[in-house]
Number of protein chains: 2
Amino acid sequence: MKQTKLASIEPTTTAAEAGQTVTEITAARIRERVISGTLSPGSHLSEATLCEELQVSRNTLREVFRLLTTEGVLRHEANRGVFVTTPSISTIMDIFHIRRLIECSAVSGAHHRHPSISKMRAAVDAAIKHRDRSEWLDVGSADIAFHAAIVELADSPRLSAFYAQISLELRLVFGLIRDPEYLHAPYVGQNATILAHLEEGATANAAEALEKYLYQAERFILAAYSRAIPG
Amino acid sequence: MKQTKLASIEPTTTAAEAGQTVTEITAARIRERVISGTLSPGSHLSEATLCEELQVSRNTLREVFRLLTTEGVLRHEANRGVFVTTPSISTIMDIFHIRRLIECSAVSGAHHRHPSISKMRAAVDAAIKHRDRSEWLDVGSADIAFHAAIVELADSPRLSAFYAQISLELRLVFGLIRDPEYLHAPYVGQNATILAHLEEGATANAAEALEKYLYQAERFILAAYSRAIPG
DNA sequence: CTGGTCTATATTGTTCAACAATTTTCGTGC
DNA sequence: GCACGAAAATTGTTGAACAATATAGACCAG
């Protein structure tokens, strides 16, 4: 198992990568390129080109493609190769429908002493700190962590894994809109409101506020996406 | 791309396999062995042994392992290989929690003219026919198709795909209990009741009957699983 | 110009063999 | 039984080769 080769191409092997296989590291790199838009939606990924660029063997890259296809980051067509997925309006609508279903149900059934509440508190505090410094990408990450912590209230590993995939697709949408401030700035306070309801055990109020927020966010993102992506 | 080699080992290349890649066919075969119990829960899958047995290359098998790991059929541990997943009591509880969330929500929001209703009808009719012939595996398959059709009422590709994975895990549980008649016989009529409510537009009644059924089925399967799997 | 056909090229899917790295097994001594 | 070291087994990765499929380009007919 080789871990040194990748280090020589990408400038830094991060601490997070230590102990990871080449396959995992490569998957993370492609994932990041998709989310950042470096690999643009709909584009075809050539095995020959990409394995040369990333300095991994074609077989390893194929394993990575299998992983990322199942995650929804890539789309595989037999004999024609692999393409970056193309979020559409219906993608966004499906994502928000699922979020309302999963997140609101998790909040409705939550116990106000659930361990995940402290994760939500940490995420809200982080978002506020980053907003004050105008670090909008970090605000976005804190928002995503807040919502993942909501899903953890349900104590369902499968729902949490499913939500992680939904989250990844949503990040792809955010990346295409390319305006983290516009996306995240209006909502930092909202998360604090939802959390406050939860911390005092008012789960119905929390679920109602969350649902309202999700409807608003959906409309907001649909509009932004329509402007950012012509046709 | 080779399609002839697999045919020479397994007795018949089925019609369903025509046009499929070796990878897909191999994945399906391993999936089936896991569900049937031929590959038992927790067991380690040796790349060297299995690729020889299935007459595919190790690289191809590794791609298949990536696919099946993401599906939840196998569990991958870096440097130690791949294991068949081991459903536990908490697996069953998680599955039913998710089923109640997804299925009941889909039924509550259903339109009584939704195209999926006819799939549900076909599944109910098939289950009754197979029950009358004591073909219990087929009854089970029809039941699973009925519930997948329920999820399709939501018109959400991601929920349907997620549910397909949940379904697969449930089939693994059923396989371990090894008594399809015991599992499915008590519930054939129940599906007809749920469907009748839906066909007359009484979605709340349908959702209530479905939820009740899911709680019953959960308790039933938990008990059967506890008896079938010691410890 | 458009559509069809054929050929060459490019690409994907799969295989094989080899090597590096990690884990497991086995043997030995206390 | 436990600890240690060596050997063996296994997984992770690589690169080359070949088969199968798709794509691109050239040519011809209407």
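Throughout, a chain's letter reflects where its sequence line sits, starting with A, and its residues are numbered from 1. Predicted, not measured: the structure shown is a model, and the values here were computed from it.
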> Would you say D:dT10 has OP1 or OP2 under 4.0 Å from some side-chain N or O of B:His44?
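False: B:His44 side-chain N/O out of range (4.0 Å or more) of D:dT10 OP1/OP2.
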
> Figure out the CD/P separation between B:Glu47 and D:dT13, and round it to whole Å.
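Rounding to the nearest Å, CD of B:Glu47 and P of D:dT13 are 10 Å apart.
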
> Round to a whole Å and report the spacing from CZ of A:Arg75 to P of C:dT12.
14 Å

> Is the closest side-chain heavy-atom distance between A:Ile30 and A:Leu61 below 4.5 Å?
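With C-beta onward as the side chain, the pair touches.
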
> Measure CD1/B:Ile25 against P/D:dA20 and give the value in whole Å, please.
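Going from B:Ile25 (CD1) to D:dA20 (P), I get 14 Å.
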
> Atom CD of A:Gln20 and atom P of C:dA21: how far apart are they, to the nearest Å?
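Taking atom P of C:dA21 as the reference, CD of A:Gln20 is at 18 Å.
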
> Do NZ/NE/NH1/NH2 and the carboxylate oxygens of A:Arg121 and A:Asp125 come within less than 4.0 Å?
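Counted as a salt bridge, because a side-chain N and a carboxylate O are separated by less than 4.0 Å.
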
> If a pair satisfies salt bridge (Lys or Arg N to Asp or Glu O under 4.0 Å) and one of its residues is in residues 37-48 of chain B, list it, with sequence neighbours excluded.
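Applying salt bridge (Lys or Arg N to Asp or Glu O under 4.0 Å) to every pair that reaches into residues 37-48 of chain B, excluding sequence neighbours, yields B:Glu47-B:Arg58, B:Glu47-B:Arg62.
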
> Will you find, in the side chains of A:Ser88 and A:Thr91, an N or O donor that is under 3.5 Å from an N or O acceptor?
yes

> So which of residues 57-65 of chain B are in contact with DNA chain D, with a heavy-atom cut-off of under 4.0 Å?
B:Arg58, B:Asn59, B:Arg62

> Indicate whether OP1 or OP2 belonging to C:dT11 is found under 4.0 Å from a side-chain N or O atom of A:Arg80.
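It does not, given that no N or O in the side chain of A:Arg80 lies less than 4.0 Å from OP1 or OP2 of C:dT11.
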
> Just how far, in rounded Å, is P of C:dT14 from CG of B:Leu54?
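Taking CG of B:Leu54 and P of C:dT14, I get 14 Å after rounding.
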
> Quickly work out the B:Asn79 CG to D:dT13 C1' distance and round it to whole Å.
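Answer to the nearest Å: 11 Å.
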
> Rounding to an integer number of Å, can you tell me how far A:Gln55 CD sits from D:dT14 P?
9 Å

> What integer distance in Å separates B:Leu45:CG from D:dG12:P?
12 Å

> Give every donor-acceptor pair under 3.5 Å between a side-chain atom in residues 163-173 of chain A and any protein atom, sequence neighbours left out.
residue	atom	partner	partner atom	Å
A:Tyr163	OH	A:Arg99	NE	3.3
A:Tyr163	OH	A:Glu103	OE2	2.5
A:Glu169	OE1	B:Arg158	NE	3.4
A:Glu169	OE1	B:Arg158	NH2	2.9
A:Glu169	OE2	B:Arg158	NE	2.9

> In terms of side-chain heavy atoms, does A:His97 have a donor or acceptor partner in B:Asp155 at a distance below 3.5 Å?
no

